[in-house]
Amino acid sequence: MATTVQPRTAAVPKPRGIAKYFAWSIDHKVIGIQYIGLSFFFFLFGGLLAELIRIELLTPAASLMVDGGAYNTLFTMHGTIMIFLFVVPMLAGFGNYLVPLMLGQKDMAFPWLNAFAFWMLPPAGLIMLAGWLVGPAQAGWTSYFPLSGPQFSPFDGQTLWAISLHLIGASSILGAVNFIVTILNMRPPGMSIWQMPLFVWATLATSIIILVATPFLAGGLTLMLLDRLAGTSFFSPATGGDPLLWQNVFWFYSHPAVYIMVLPAMGILSEVLSVHARKPVFGYRFIALSSLAIGFLGCIVWGHHMFTSLASWARIPFMLTTMLIAVPTGVKMFSWIGTLWGGKIRFTSAMLFALGFLSMFVLGGITGVFLASVPVDIHLHDTYFVVAHFHFVLFGGSVFAIFAGLYHWFPKMSGRMLNERLGKIHFALTYVGFFLTFFPMHFLGLEGMPRRIYTYDPKYEALNALSTIGALIMAVAVVPFLVNVAVSLVAGKPAGKNPWRALTLEWTVSSPPPEHNFDEPPIPASDPYGYGTPEGAAYLASGGKVALPVSAHGHAHDQPIERPATGD
Amino acid sequence: MTANFAQMQTAFDHEQLQREQALKNARLGLLLWRFANGMAFVFFIFANLLMRNVQPSWPPPGVERLPIGLPLAITLIILLSGAAASRVLKAVRANEFGRAVRFGMATLGLGGLFFVGLLAAGAQVTPSGAYSSIVWAMQFFHGLHVVVASLLLGVVLLGVGRGRYSAERHWGVEASVVFWHFVDAMWIIFFLFIYVL
Ligand code: HEM
Ligand SMILES: [Cu+2]
């Protein structure tokens with residue numbers, strides 16, 4: 001496949017250069033879209049598996065599945081794919097596309113490495129899927145020993161699972177190095193670290209977490225592979241190993257991974273809320289620094305997944321650190337509400353998904369504090385309450401933010417606007433379907449329905465039926481989205497440079513941006529969220545050419561409430 | 001004429017600036033890589049500690065403590081190799097490329113000796129379940145890094161021989177030497193956890 005570089009003279013180029021997304025490219029914009037495209041494919045695939053799960057669970061008896069093994073494979077692959085092949089690379093895609101543009105740069109610090117990191121993912125995906133050819137993994141996305149050991153997982157799919165995650169982890173580490181260097185070393189003149197867009201802050205914090213935590217995943221997978229292939233005994237107690245070793249290292253990675261999946265989503269949220277509410281971000285520094293605080297705390301809470309297997313003295317510190325995370329998270333929630341307060345809110349599709357995040361993530365956060373409390377967790381561990389909790393944060397949080405980001409930046413990436421009416425239908429169906437699918441699971445869990453079972457006591461039937469109906473509504477919801485993308489790519493309204501009248505640098509160049517991004521070094525706005533301020537208005541009026549100095553009493557961020565919301 | 005010269009000057013400055021930026025980026029990139037790579041070494045220490053934790057004693061009952069003579073000897077060897085590696089960088093910075101290659105060969109030779117010693121140390125371990133598993137894994141993991149560091153340094157030395165580097169521009173040499181030191185340092189820590197503690 002040859003890379004054909006279309007000369008971009010027309011304001012809106014035809015989406016012809018599709019081939020370049022299937023070829024090696026070191027342009028961060030191409031790479032960003034490659035990440036987004038690949039992970040969206042896996043979202044649909046993982047979603048398909050979820051629908052099969054829900055159809056099986058419609059009735060208490062076995063219906064689709066011949067045995068529990070097939071069901072085990074379904075939830076294992078669903079969970080693994082959604083996390084490692086959808087959310088993590090999707091957010092990396094946003095980072096790749098946006099960070100250099102937001103920093104006024106031509107590309108990432110190491111463009112070749114960037115492409116290399118991306119191209120580790122398609123093989124990883126294929127290796128994961130190849131599990132179906134040799135007997136797929138069945139040990140859950142957590143792959144606890146002994147379930148993942150030779151006794152219960154003799155098939156090679158479990159080995160492929162580990163190899164695939166190894167590749168994804170390595171890709172993620174290389175990406176993180178690239179992001180940190182780009183962000184720390186390549187800010188344009190006139191943009192201090194306190195004037196970076198909050199999405200860039202979030203990417204910085206995420207990348208730091210990746211560097212700390214992902215090597216532990218790699219290490220744990222190495223031991224799993226050695227146990228499976230070289231006959232070592234790390235996890236098997238029969239030969240002196242320790243099954244808790246895997247649990248410890250897995251969660252040392254996987255709890256921080258929750259923040260790898262949610263901090264960039266929160267970064268997207270800060271951008272979308274401020275732009276579409278025409279209000280300066282409330283508490284800019286608090287939002288920026290709380291990402292670092294969450295990142296730090298996130299690395300010392302892993303034991304909360306193991307309350308039932310941990311020595312009792314170790315439970316209390318893990319419970320307390322976990323609860324502490326609610327503080328920086330709450331700081332963010334209140335800052336976002338402060339951002340909305342008194343704003344001129346525009347209910348665009350992007351904004352609706354962002355508001356969806358706010359409402360759902362709060363619920364997931366609150367049930368998280370429930371589960372952090374040891375006596376509650378001992379009771380609810382491995383029930384549907386947990387399934388409800390993590391879908392509220394992962395779907396209600398990350399996925400809603402991903403859609404908010406797609407609606408917000410699609411015009412920049414493609415040069416075309418998405419249709420707002422279809423966007424709203426997509427949102428409404430997703431929101432209702434989501435709530436219907438996952439809210440009843442709280443009650444199922446409280447009533448004692450365990451997770452990871454394919455047949456269940458008939459007393460749980462009614463709530464499960466509701467949940468399955470919700471899942472079907474969500475399946476329908478992606479149709480208007482896909483139609484919208486397909487139609488808008490060809491026939492959407494031309495977006496122009498800055499359809500949302502936003503202040504960050506990616507909006508000062510044409511849509512889509514030229515290959516080199518900026519013809520001349522851009523001038524960043526002194527306050528990237530100065531909506532409704534004279535500085536912001538002047539900057540927008542000049543088309544990003546004039547940045548006024550920061551006002552005498554510091555940043556506009558710190559006292560937005562008194563300022564009348566004047567629109568732009 | 002003057003305008004032309006000024007233009008050339010700016011172009012030159014621009015290139016200079018870009019090169020400085022690239023070097024700055026590469027240095028930070030390598031630092032971050034060492035951090036992440038170091039976390040993988042921390043992982044093995046963490047695993048080692050957890051595995052001790054489930055045993056009544058370490059080594060576990062019935063398993064003999066490993067002899068320390070050979071490991072101590074290879075530790076000294078790798079320290080020496082580190083000293084030689086430092087000289088490579090120094091020589092390149094002084095434009096003494098012949099010397100750089102000689103010290104580079106010494107570094108590689110000592111690295112090779114270390115590697116052979118590491119293999120022999122691995123052979124001293126008798127299979128004993130958990131204990132031999134973690135010891136072998138740590139030796140294997142470190143050995144892998146020695147191989148990678150040697151390949152890196154080897155390629156760079158070929159470049160030095162061909163005159164690819166100068167006293168001003170030698171990022172490749174710097175990177176391979178820095179990585180060599182990283183691998184040395186990691187062995188010292190592993191040595192403590194495998195043989196001493
Ligand atoms: C179409 C939307 C989705 C539906 C209907 C759905 C449904 C489910 C159900 C019913 C389970 C529990 C299976 C069981 O324990 O027996 C499950 C597990 C899981 N889901 Fe989803 N899910 C959806 C989207 C997502 C997304 C977007 C993510 C992550 C970003 C995700 C991550 C997970 C994980 C990690 C598990 C645990 C797998 C395991 O137990 O090993 N899901 N999902
Ligand atoms: Cu957790």
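A note on names: the letters A, B, ... follow the listed sequences, proteins ahead of strands, and every chain is numbered from 1.
- Side-chain contact between A:Leu245 and B:Met51 is present, with at least one heavy-atom pair separated by less than 4.5 Å.
- In this structure, the side chains of B:Phe43 and A:Thr222 stay at 4.5 Å or more apart for every pair of heavy atoms.
- How far CG of B:Leu32 is from CD1 of A:Ile210: 12.0 Å, rounded to the nearest 0.5 Å.
- Taking the side chain as every heavy atom from C-beta outward, B:Phe44 and A:Leu223 approach each other to under 4.5 Å.
- Taking the six-membered ring where tryptophan is involved, the planes of B:Phe46 and A:Trp302 are perpendicular, since the angle between them exceeds 60° and thus also 30°.
- The candidate from A:Thr232, A:Thr182, A:Leu244 with the greatest count of non-hydrogen atom pairs under 4.5 Å with chain B is A:Thr232.
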Legend entry - side-chain contact (heavy atoms from CB on, under 4.5 Å) between B:Lys24 and A:Val181, intermediate numbers included: CA-CA 9 Å; B:Lys24 214 174 117 202; A:Val181 175; over 6 Å; no
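- Among A:Thr214, A:Ile208, A:Asn185, the residue making the largest number of heavy-atom pairs under 4.5 Å with chain B is A:Asn185.
- Considering all non-hydrogen atoms of both residues, B:Ala36 and A:Ile173 come closest at CB-CG2, 4.0 Å.
- Crowding of B:Met105 atom CE: a count of heavy atoms from other residues, nucleotides or ligands under 6.0 Å not exceeding 12.
- At a threshold of 4.5 Å between non-hydrogen side-chain atoms, the residues A:Asn248 and B:Leu50 count as touching.
- No more than 12 heavy atoms of other residues, nucleotides or ligands sit less than 6.0 Å from atom CZ of B:Arg162.
- Within a 6.0 Å sphere centred on CZ of A:Phe116, heavy atoms belonging to other residues, nucleotides or ligands number 12 at most.
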Inset, instruction - Evaluate side-chain contact (heavy atoms from CB on, under 4.5 Å) for B:Ile134 paired with A:Phe234, printing each intermediate quantity in order. - result: CA-CA 7 Å; B:Ile134 186 69; A:Phe234 290 105; 3.9 Å; yes
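- Not one N or O on the side chain of B:Gln55 forms a donor-acceptor pair closer than 3.5 Å with the backbone of A:Gly241.
- For A:Phe235, no part lies under 4.5 angstrom from a heavy atom of chain B.
- Of all the listed residues (B:Asn53, B:Leu31, B:Leu28, B:Asn37), the one sharing the greatest number of non-hydrogen pairs under 4.5 Å with chain A is B:Leu28.
- A side-chain donor-acceptor contact under 3.5 Å links B:Ser133 to the backbone of A:Ser233.
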Inset, instruction - Quick one: do B:Met39 and A:Val212 satisfy side-chain contact (heavy atoms from CB on, under 4.5 Å)? Show the steps, please. - result: CA-CA 6 Å; B:Met39 282 307 291; A:Val212 175; 3.9 Å; yes
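- Contacts of A:Leu184 with chain B are made by side-chain atoms alone, with heavy-atom separations under 4.5 Å and no backbone atom involved.
- Side-chain contact between A:Phe216 and B:Val42 is present, with at least one heavy-atom pair separated by less than 4.5 Å.
- Taking a 6.0 Å sphere around CZ of B:Arg34, one finds it holds more than 12 heavy atoms contributed by other residues, nucleotides or ligands.
- In B:Tyr195, the OH atom is crowded: over 12 heavy atoms of neighbouring residues, nucleotides or ligands sit closer than 6.0 Å.
- The parts of A:Ala109 that come within reach of chain B are both its backbone and its side chain, each placing non-hydrogen atoms under 4.5 angstrom from that chain.
- Between B:Ala130 and A:Gly240, the closest heavy-atom pair is CB-O, 3.1 Å.
- In this structure the side chain of B:Trp33 reaches within 4.5 angstrom of the side chain of A:Leu174, judged on heavy atoms.
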